[in-house]
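Note sheet for the following structure.
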Amino acid sequence: MKPKPAPGKIYGRWTVLDDYQLTPRGERKWLCRCECGAQRYVLERGLIYGGSTSCGCLAREHSGRRTTLKLEGQTFGMLTVLSQSQRRAPNGAVLWHCRCACGSECEVPGTHLATGKRTHCGCQSTCAYSYTDITGRVFHRLTALYPLDKRDNAGYVMWRCRCTCGNETEVSYNALVYGNVKSCGCRKREHNQELHAYLTHVGGTSLEMLRSRKVPKNNTTGVRGVYLIKGKYVAKIVFQKKQYFLGTFDNLEEAQNARLAAEERINGAAVRFCERWQQKADADPEWAETHPLRFEVERDDERQLILRCWPEV
């Protein structure tokens, strides 16, 4: 256990005098004299454990010594010091006006420069790595050719790239390295063409989607269209981008039955009608042009969903 203060003992720049007070919490505060001549009552634990070593003159001297540093013209990482700022940091540290390699300017404490804590302006934290040379590297379908003299809104360097399809495009460093962009756009176009070939759309309605019973990955009940919300099972169905509420149930089986019944009345009816319409349209294309498919979802007298279909086939 560290010895307690006593008159004449020295702690840092403090010399303990023969007087003390008790705080409301019963702690001792000793009257001390600093080397600069100032006198002040200091908590006993502050003396013992080094929480207080002077009246504040030591910190002021350290701050004064920092102002004598001559950093103009020096380079620290991507920062070049231009001049000493007229402002100071909240803790009293001297600020230096710097220009970053990206062209922006900022003010940085001298200690942060000298210790390497700051080496760039901090523009979206991208400067430190967005200058990495990725010439010739392949990212999915894109090959980085050369950097451009411009940046995206987040400060990342833009790169000229060549896609495997032969097109060239401009992509930011971040989008290339972290996989946000994988092609010049040809990949998406190909995907859309494949999707269009797979899905049979009749009257703006995808028959494959209506026939599907696949449960989405984010569904937690295991039943398509049924969700557990605040301890209750809520059933819904979506038809032509519009959502219809089927009810709230105490157990999963009731909600599942309501969903299956709605699928039969809506999705099933739509698929059967589309198939009949398509057969007639294939036999008489001119009739199909003047008799497009139309659907309308209504509720009957018992509040059950029903599907109205046009034209008559």
Side-chain angles (χ1 to χ4, degrees), residues 140-141 163-165 179-313:
H140 301 283
R141 295 189 178 187
C163 186
T164 54
C165 70
N180 297 333
V181 176
K182 300 181 180 180
S183 73
C184 66
C186 61
R187 183 174 179 271
K188 183 177 180 179
R189 290 192 293 270
E190 292 173 5
H191 174 72
N192 290 342
Q193 291 173 358
E194 293 172 357
L195 185 62
H196 181 74
Y198 168 73
L199 295 177
T200 303
H201 286 82
V202 180
T205 300
S206 168
L207 301 186
E208 279 79 5
M209 294 297 292
L210 293 180
R211 294 189 183 105
S212 175
R213 292 294 179 85
K214 183 178 180 180
V215 179
K217 292 182 179 179
N218 62 348
N219 184 288
T220 58
T221 64
V223 178
R224 184 181 177 88
V226 176
Y227 310 90
L228 182 60
I229 301 176
K230 295 182 179 180
K232 298 286 186 177
Y233 292 94
V234 178
K236 303 176 183 179
I237 191 169
V238 176
F239 183 76
Q240 291 191 321
K241 299 181 180 180
K242 187 175 180 180
Q243 182 174 267
Y244 298 91
F245 176 71
L246 302 177
T248 301
F249 306 90
D250 293 327
N251 59 71
L252 179 60
E253 183 178 1
E254 291 179 351
Q256 183 178 18
N257 290 337
R259 168 69 189 201
L260 293 176
E263 287 180 4
E264 176 60 25
R265 290 193 303 270
I266 305 300
N267 295 356
V271 169
R272 291 189 293 271
F273 187 83
C274 284
E275 290 172 346
R276 294 197 302 272
W277 183 91
Q278 190 65 59
Q279 290 176 359
K280 188 168 183 177
D282 292 340
D284 190 352
E286 293 183 1
W287 174 87
E289 291 181 2
T290 58
H291 296 77
L293 268 173
R294 289 190 300 117
F295 298 104
E296 184 176 323
V297 178
E298 298 178 349
R299 291 187 183 271
D300 59 19
D301 296 338
E302 297 180 357
R303 302 298 297 164
Q304 297 295 319
L305 294 177
I306 57 174
L307 184 67
R308 305 289 188 186
C309 309
W310 293 273
E312 294 185 4
V313 293

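Position 1 is the first residue of the sequence, and the numbers go up from there. Worth saying up front: this structure is predicted, and the values here are computed from it rather than measured.
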Got more than 12 heavy atoms from elsewhere within 6.0 Å of [atom1], [X]?
X	atom1	result
E296	CD	yes
E253	CD	no
R303	CZ	no

For [X] against [Y], the heavy-atom pair lying closest together:
X	Y	value
A258	L246	O-CD1, 3.9 Å
R224	S212	NE-O, 3.9 Å
L210	A270	CD1-CB, 3.8 Å
A235	A255	CB-O, 3.9 Å
G222	V215	O-CG2, 3.7 Å
L293	C274	CD1-SG, 3.8 Å

Could you grab the distance from atom [atom1] of [X] to atom [atom2] of [Y], nearest 0.5 Å is fine?
X	Y	atom1	atom2	result
H140	R187	NE2	CZ	8.0 Å
Y233	Y227	OH	OH	14.5 Å
R259	L252	CZ	CG	13.0 Å
Y244	R299	OH	CZ	9.0 Å
Q240	I266	CD	CD1	10.5 Å
R272	E264	CZ	CD	4.5 Å

Spell out, as yes or no, whether a donor-acceptor pair under 3.5 Å connects the side chain of [X] to the backbone of [Y].
X	Y	value
D250	K232	no
R265	L305	yes
W310	H291	no
T221	L228	no
N219	V223	yes

- Item | Verdict with reasoning, R211 to N267, per side chain to side chain contact (heavy atoms under 4.5 Å, CB included) | CA-CA 7 Å; R211 294 189 183 105; N267 295 356; over 6 Å; no
- Item | Ionic contact status for K280 with E312, cut-off 4.0 Å |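 Salt bridge flag = no for K280 with E312.
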Check whether any side-chain heavy atom of [X] sits under 4.5 Å from a side-chain heavy atom of [Y], and report yes or no.
X	Y	answer
K242	V297	no
R141	C186	yes
V234	V226	no
W277	D282	no

- Message: Students often mix this up, so state it plainly: with edges at 30° and 60°, are the rings of F273 and F295 parallel, tilted or perpendicular?
- Response: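 Geometry flag for F295 against F273: perpendicular rings.
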